[in-house]
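Letters go in sequence order (proteins before strands), and every chain restarts at 1.
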Number of protein chains: 2
Amino acid sequence: MKNPNVNKQRVERPKRILEAASRLSTHYGFDKTTVDEIAKEAGVSKGAIYLVWPGKEELIDALIEFEMKKVVLDLRTRIIDDQTNDSMAALYRHTLLAIQHNPLVSALYTRNGKVLGDFVHRQDPERYTKRLLMSKESVAAMQSAGLLREDHSPEVITYVFSLLALGFLSISSVIPEQNAPPIESTVEAIAAMVESGLTQKGGSRKLIKESALQMLDLMIEQYENRGTNDN
Amino acid sequence: MKNPNVNKQRVERPKRILEAASRLSTHYGFDKTTVDEIAKEAGVSKGAIYLVWPGKEELIDALIEFEMKKVVLDLRTRIIDDQTNDSMAALYRHTLLAIQHNPLVSALYTRNGKVLGDFVHRQDPERYTKRLLMSKESVAAMQSAGLLREDHSPEVITYVFSLLALGFLSISSVIPEQNAPPIESTVEAIAAMVESGLTQKGGSRKLIKESALQMLDLMIEQYENRGTNDN
DNA sequence: ATTTGACCAAAATCGTATAATTGGTCAAAA
DNA sequence: TTTTGACCAATTATACGATTTTGGTCAAAT
């Protein structure tokens, strides 16, 4: 406790382990990645992992949360950095790209069995069906704020957002990337479609960015609280 | 040859076999369905099947063509019957519903391994990636005719059409149907989105229907020619 | 001239004994 | 006190022979 380096080392260790697990899992899948390999990759012993989590299952849980948080943080900076275009389209575009940029979350979303393995599926199927896209509630809130059209129910809009993302993320396995147009133009077209088809004209651009960031900060806060808790 | 019933019986038999194969394959998948079972279900002997096709592989090929043709015919009647709404939105809506209505084609589109089995994947992967949705060429033609927006390339629009359909068809495996909004409202929202996001305002409604039917008739003709050929 | 179904070789499946791997533990080292 | 890694039980992979299933054939029946 005297040496702050030791303390820092200790609090950063779970993170290092998760990063190792992330690297290996994206490459070989959850099932094919062993606890031993993760330990080796993280430069710690196997026992050290069991000092943090009671079992591999809980490690995977933590890994998924970790990756989801990374995506949310990535999305946050994408939105903040983009100062030229505070539109609903831009918001959705950044969301798609942020998810696509993260292989594990992408696999989780598309239910890619190769990466997820049987591991994740064995449990109750609902467990990993966490919402990354806007929730029904957020959509409803945005409708009230005059940002999204109100002639579709929040359920339907949320559903369309999801299916659009799913299609975007899975299409590469049907149409090989070499036959596909550049991602940028695709995302651009999707975003434009969402903009003209689902948003309310004349909504405050400032409000869009604000409420999006508010939503994300809430999610980040939730991740942080959960991470602090026992597990 | 004297009795016309015999002749009719003969020409209809391949169809009966395909229908039997269709029934069994949608239920058990290609792999789990045996040639013998198909013969039993169709009320013919196994040899009779080999009188029509040289092997199971060719039977599956024929089955897929058969189902695709069914979808195209279904789509055709949907479009013709819908006299109230000759919009691009309606066209796309009918397409989605027609595909979704056919389990085999739906499985082919979403690459559902349970139904397709290893059988279809063993071959060159391109083989069964036939376009059902509008081709690049059709899209380009519709752009020239002022029906689709020209600020996206034909490739991008085709790609977005595909990914949207893929998302629509696969979402049920991620979000269970009980948690989903009614299909009608979903399709409605998607169609509205396509309409406002990808179509050119002021395009002739008559032209939309006309060119759609023209395209479908061309496809049907192609199926018919192929069916007449040797195999 | 057609159609059938018993028949066959090849492939898939099953049963199982053996070997290798892996999640998890804990006495010992640091 | 904290961390490690040899160790173990249990699960999973492998090998392989026996058994069943299945795609495909063809002499016989219709």
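As a whole-Å value, the separation of Ile60(B) CD1 from dG23(D) P is 9 Å. Rounded to an integer number of Å, the gap from OH of Tyr28(B) to P of dT21(D) is 16 Å. Rounded to whole Å, the distance from CH2 on Trp53(B) to C1' on dT25(D) is 18 Å. Look at NZ on Lys56(A): it is 15 Å from C1' on dA10(D), rounded to the nearest Å. If you take CG of Asp36(A) and C1' of dT25(C), they are 13 Å apart, rounded to a whole angstrom. The CD atom of Glu37(B) sits 16 Å away from the C1' atom of dG24(D) (whole-angstrom rounding). Atom CD of Glu57(A) is separated from atom C1' of dT22(C) by 16 Å (rounded to the nearest Å). Separating the CD1 atom of Ile38(A) from the C1' atom of dG23(C) is a distance of 11 Å, rounded to the nearest angstrom.
Residue Tyr28(B) places its OH atom among 12 or fewer non-hydrogen atoms of other residues, nucleotides or ligands, all under 6.0 Å distant.
Judged by distance alone, the side chain of Arg93(B) and the main-chain N or O of Ala191(B) form no donor-acceptor pair under 3.5 Å. Between the side chain of Lys136(B) and the main chain of Val156(B), no donor-acceptor pair closer than 3.5 Å is present.
For the atom pair CZ of Arg111(A) and CG of Leu166(A), the computed distance is 10.0 Å after rounding to the nearest 0.5 Å. Going from atom CE of Met134(B) over to atom OG1 of Thr95(B) covers 6.0 Å, rounded to the nearest 0.5 Å.
DNA chain D lies under 4.0 Å from at least one heavy atom of each of the following residues of residues 39-51 of chain A: Ser45(A), Gly47(A), Ala48(A), Leu51(A).
In this structure, the side chains of Phe168(B) and Val187(B) come closer than 4.5 Å at one or more pairs of heavy atoms. Annotation: side chain of Leu18(B) is in contact with side chain of Leu59(B) (closest heavy-atom distance under 4.5 Å).
Annotation: the terminal axes of the helix from dA1(C)-dT30(D) to dA30(C)-dT1(D) meet at 30°, where each axis is the rotation carrying the C1' atoms of four end pairs onto the next four (5 pairs per end, rounded to 10°).
Between the side chains of Ser25(B) and Ser22(B), not a single donor N or O lies within less than 3.5 Å of an accepting N or O.
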Distance-only criterion, 3.5 Å: show the donor-acceptor pairs between side-chain atoms of residues 211-221 of chain A and protein atoms not counting sequence neighbours.
unit_1    : atom_1 : unit_2    : atom_2 : d
Ser211(A) : OG     : Leu207(A) : O      : 2.8
Ser211(A) : OG     : Ile208(A) : O      : 3.2
Asp217(A) : OD1    : Arg76(A)  : NH1    : 2.6
Asp217(A) : OD2    : Arg76(A)  : NH1    : 3.3

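Using a 4.0 Å cut-off, no side-chain N or O of Arg13(A) falls inside it from OP1 or OP2 of dT2(D).
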